[in-house]
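For reference, the structure discussed in these notes is given below.
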Amino acid sequence: LPYFQIAGLDLNHYRFNDDPYGDLIVPNAKIPWQEYGLRADFKTSYYGSVESPGGSVLYALSCVEDGYQGTEVGVDTLYIVALEDYNNEFLRNDTLNNIIQVNDYFAGSTFYSLGEYLSDNRESIMLESLTIKLTEGPAKDTALSFALIYVLSSGEEFQQQSSVVNLRQ
């Protein structure tokens, strides 16, 4: 089935050090902020059909992976919100979009600006996850959680709150 539709989000904490794919970490883990990443995996359903001239629906069998043509709707915007005071500039319930980078391929490749991610995925979202890294650290060693608000160009909105992670200086 060539397309996928986003039905929700799962958020997990990852640590990026020696493994370019990152290591899944448990809630309340203590890690240096520079090694931290928040990964969003889309809850998806797959679909695809073609109507033949006679009115019947044809389904193609293929060896390609489900969802290979992405979504038929792009992303409008996303917000990362600090659910506790992050530092002196970003307080509880502030959006952290000015200090994030995004990667939607896999964790070991290059992270790029939020603007680039939004531009690249404006018409269609091709991959079923994204990872967000912070470019500034918290004011002190602290327990933090985040909310991700992901808005599609259709107006549909998905929100998810992360578990707590302890980021160190």
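Thr110 and Asn103 get closest at one heavy-atom pair: O-ND2, 3.4 Å. Considering every non-hydrogen atom in both Val164 and Ala143, the closest pair reads CG1-CB, 3.7 Å. Shortest non-hydrogen contact noted between Arg15 and Glu35 is NE-OE1, 2.5 Å. Minimum heavy-atom separation, Leu96 to Leu134: CD1-CD2, 4.2 Å. Nearest approach of Asp104 to Leu127, heavy atoms of both residues: O-CD1, 2.8 Å. Scanning all heavy atoms of the two residues, the minimum distance from Asn121 to Tyr117 falls at ND2-O, 2.9 Å.
The distance from atom OG of Ser113 to atom CG of Asn98, rounded to the nearest 0.5 Å, is 11.5 Å. Atoms CD1 and CD1, on Ile6 and Ile125 in that order, are 4.0 Å from each other to the nearest 0.5 Å. Note that the OH atom of Tyr86 and the OG1 atom of Thr142 stand 10.0 Å from one another [nearest 0.5 Å]. To the nearest 0.5 Å, atoms CZ (Arg122) and OG1 (Thr77) are separated by 7.5 Å.
Side chains of Glu157 and Gln159: a donor on one and an acceptor on the other come within 3.5 Å. For Gln5 and Thr44, the side-chain atoms include no donor-acceptor pair closer than 3.5 Å. For the residue pair Ser119/Glu116, the side-chain donor-acceptor check at 3.5 Å is not satisfied. No donor-acceptor contact under 3.5 angstrom links the side chains of Tyr47 and Asp66, judged on distance only.
For Tyr79, the OH atom sits in a loose shell: 12 or fewer heavy atoms of surrounding residues, nucleotides or ligands are nearer than 6.0 Å.
Here the two rings, on Tyr3 and Tyr68, have centers that are 6.0 Å apart or farther.
In terms of the side chain to side chain contact (heavy atoms under 4.5 Å, CB included) criterion, residue partners of Ser124 (sequence neighbours excluded) are, by chain and number, Thr71, Met126.
Ring pair His13/Tyr36 is tilted by interplanar angle, where 30° to 60° counts as tilted.
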Kindly determine whether Asp94 and Arg92 satisfy salt bridge (charged side-chain N to carboxylate O under 4.0 Å, His left out), including the steps that lead there. CA-CA 6 Å; Asp94 281 350; Arg92 183 175 193 227; over 6 Å; no
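With respect to Leu114, the side-chain contact (heavy atoms from CB on, under 4.5 Å) criterion is satisfied by exactly one of Ile132, Asn97, Ile99: Asn97.
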